[in-house]
Amino acid sequence: MSEGIICKALSGFYYVDSGQTVVACRARGKHRHAKITPLVGDRVRFTPLPGGDGALDEILPRKNEFYRPAVANIDLLVVVASQAVPITDPFLIDRVAAIAQSRGCETLVCVNKCDLEPGEDLARIYQQAGFPTIRMSAETGEGIDQLRQAITGKVCAFTGNSGVGKSSILNALEAGFDLATGEVSDRLGRGRHTTRHVELFRLSCGALAADTPGFSSFDVDKMELERKEKLQYAFREFAPYLDKCQFQDCAHVKEKGCAVLAAVKAGEIPKTRHQSYVRLYEQAKAVPDWERKKNEE
Ligand SMILES: Nc1nc2c(ncn2[C@@H]2O[C@H](COP(=O)(O)OP(=O)(O)OP(=O)(O)O)[C@@H](O)[C@H]2O)c(=O)[nH]1
Ligand SMILES: [Mg+2]
Ligand SMILES: [Zn+2]
């Protein structure tokens, strides 16, 4: 039996990169019946078969898993954003970053298209919140070296709204890459969902980087949610204030004596970050416990 990592899942095949070759594997019957669906990023055992294909035998334990994008074992989530069209809603970044934080995955914020719009406001929010943040341009190459350094040796996934330049950045990172990119629609100010599947690529800096389909605003509402009680820990910059609220069970939404709210007022926590927290908190509150249980099974 050999070991490898799933780099692509397409039309019933899982493409497993063993380091030397990529073998197209079919899942054995037992996986099709088991509840666990193989994901890109899964470390697996497989049996090479005569003819060059393989059979997927076993999925090794996961470090973490994400639903959107559908990937596993990610060390670093690279959230690509833009202050030029298609403008990124900070709520999208905050939502993805909260999920990453709760799954033990680092987040890097890349504000792309700086050649069109410097993106300083967006970058400042995330710098202040304590995220590594790079202002960059896939077009001019600004920030590409810094990004390469940040991902070296890591398994990372690029995510963000459609048209922000995820595939373009990967093309700029690696000589010889020619991933499809798509013009942004002038009329709608949105991307065209050019990337259609998740795929993990080996870069010469030693990173494994997944390109993923961009989000639409419709997807954002279907993404996974943290439990409302745990959400406070998913906002990293809230940490110093959490034990300073007047009430131990403070929700940090509009409570009296809330240290988080005081920090927002004092400009120590970015206002949009707290707004996203409240929005996620209200959404999480609206999910009935029985439904959450069903989803967690
Ligand atoms: N001016 C400028 N244009 C860029 C930059 N990065 C990407 N673009 C352009 O933005 C458009 C969308 O880029 P893509 O790389 O396809 O975006 P994506 O995030 O992969 O989009 P999806 O695959 O749909 O999720 C293309 O026309 C790119 O040429 C940049 O830094 N500056
Ligand atoms: Mg793309
Ligand atoms: Zn509070």
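Read the numbers this way: they start at 1 and go in the same order the structure lists the ligands and their atoms. In what follows, every heavy atom counts, from backbone to side chain, and hydrogens, waters and symmetry copies are set aside. Count residues from 1 along the sequence.
- For the atom pair Asp94 CG and Thr272 OG1, the distance stands at 6.0 Å (nearest 0.5 Å).
- Using bins of under 30°, 30° to 60° and over 60° for the plane-to-plane angle, the ring pair Phe238/Tyr277 lands in the perpendicular bin.
- For a distance threshold of 2.8 Å, the protein N, O or S atoms nearer than that to the Zn ion (ligand 3), listed by chain and number, are Cys245 SG, Cys250 SG, His252 ND1, Cys258 SG.
- The protein heavy-atom contact nearest to atom 31 (O) of ligand 1 is Ala138 N, 2.9 Å.
- Within the 4.0 Å heavy-atom criterion, the part of His193 lying near ligand 1 is the backbone and not the side chain.
- Geometrically, Arg26 does not engage Tyr14 in a cation-pi contact, judged by NZ or CZ lying under 6.0 Å from the ring centre and within 45° of the ring axis.
- With a 4.5 Å cut-off on side-chain heavy atoms, Gln246 and Lys256 count as touching.
- Judged by distance alone, the side chain of Asn161 and the main-chain N or O of Phe215 form no donor-acceptor pair under 3.5 Å.
- Looking only at distances, a side-chain donor or acceptor of Gln83 sits under 3.5 Å from a matching main-chain atom of Leu122.
- The hydrophobic clustering, which links ILVMFWY residues whose side-chain heavy atoms are closer than 4.5 Å, places Val155 and Ile99 together.
- Side-chain contact between Met1 and Phe46 is absent, with no heavy atoms from C-beta onward closer than 4.5 Å.
- With sequence neighbours excluded, no residue satisfies ring pair (Phe, Tyr, Trp, His ring centres under 6.0 Å) with Phe66.
- Distance from atom 8 (N) of ligand 1 to its nearest protein heavy atom, with residue and atom name: Lys113 CE, 3.7 Å.
- Checked by atom type and distance alone, the side chain of Asp75 never pairs as donor or acceptor with a backbone atom of Cys156 at under 3.5 Å.
- With atom 21 (O) of ligand 1 as the reference point, the heavy atom nearest to it among Cys114, Cys110, Gly163 is part of Gly163.
- Looking only at heavy atoms of the protein, atom 18 (P) of ligand 1 is closest to Lys166 N, 3.5 Å.
- Against a heavy-atom cut-off of under 4.0 Å, Gly214 is close to the following atoms of ligand 1: 25 (O).
- Cluster partners of Ile134, by chain and number: Leu76, Val78, Val80, Leu108, Met136, Ile144, Leu147, Ile151, Phe158, Val164, Ile169, Leu170, Leu173, Phe177, Leu179, Phe201, Leu203. The rule joins Ile, Leu, Val, Met, Phe, Trp and Tyr whenever side-chain heavy atoms lie under 4.5 Å apart.
- Interface atoms of ligand 1 facing Ser167, defined by a heavy-atom separation under 4.0 Å, are 15 (O), 20 (O).
- Expressed to the nearest 0.5 Å, how far NZ of Lys230 lies from CD of Gln101 amounts to 13.0 Å.
- In this structure, the side chain of Asp42 does not engage the main chain of Val44 through any donor-acceptor pair within 3.5 Å.
- Residue contacts with ligand 1: Thr194 is placed with a nitrogen or oxygen under 3.5 Å of a nitrogen or oxygen of the ligand (distance criterion only).
- Protein heavy atom at the shortest distance from atom 16 (O) of ligand 1 is Gly182 N, 2.9 Å.
- By the criterion of a separation under 2.8 Å, the protein N/O/S atoms near the Mg ion (ligand 2) amount to Ser167 OG, Thr195 OG1.
- In Thr181, the parts holding a heavy atom less than 4.0 Å from any atom of ligand 1 are both the side chain and the backbone.
- Using a distance-only test at 3.5 Å, with no hydrogens or angles considered, a donor-acceptor pair links the side chain of Glu255 to the main chain of His252.
- For atom 24 (O) of ligand 1, the nearest non-hydrogen atom of the protein is Ser162 OG, 2.6 Å.
- Counting protein heavy atoms only, atom 17 (O) of ligand 1 is closest to Gly165 N, 3.1 Å.
- Considering CD of Glu117 and CZ of Arg135, their distance stands at 9.5 Å, rounded to 0.5 Å.
- Looking only at heavy atoms of the protein, atom 3 (N) of ligand 1 is closest to Glu139 OE1, 4.0 Å.
- The nearest protein atom to atom 28 (C) of ligand 1, hydrogens excluded, is given as Ser168 OG, 3.6 Å; this is a heavy-atom distance.
- Considering CD of Gln275 and NZ of Lys271, their distance stands at 7.5 Å, rounded to 0.5 Å.
- Considering only heavy atoms from C-beta on, Glu106 stays 4.5 Å or farther from Phe131 through its side chain.
- Counting heavy atoms under 4.0 Å from ligand 1, residue Asp115 touches it through the side chain alone.
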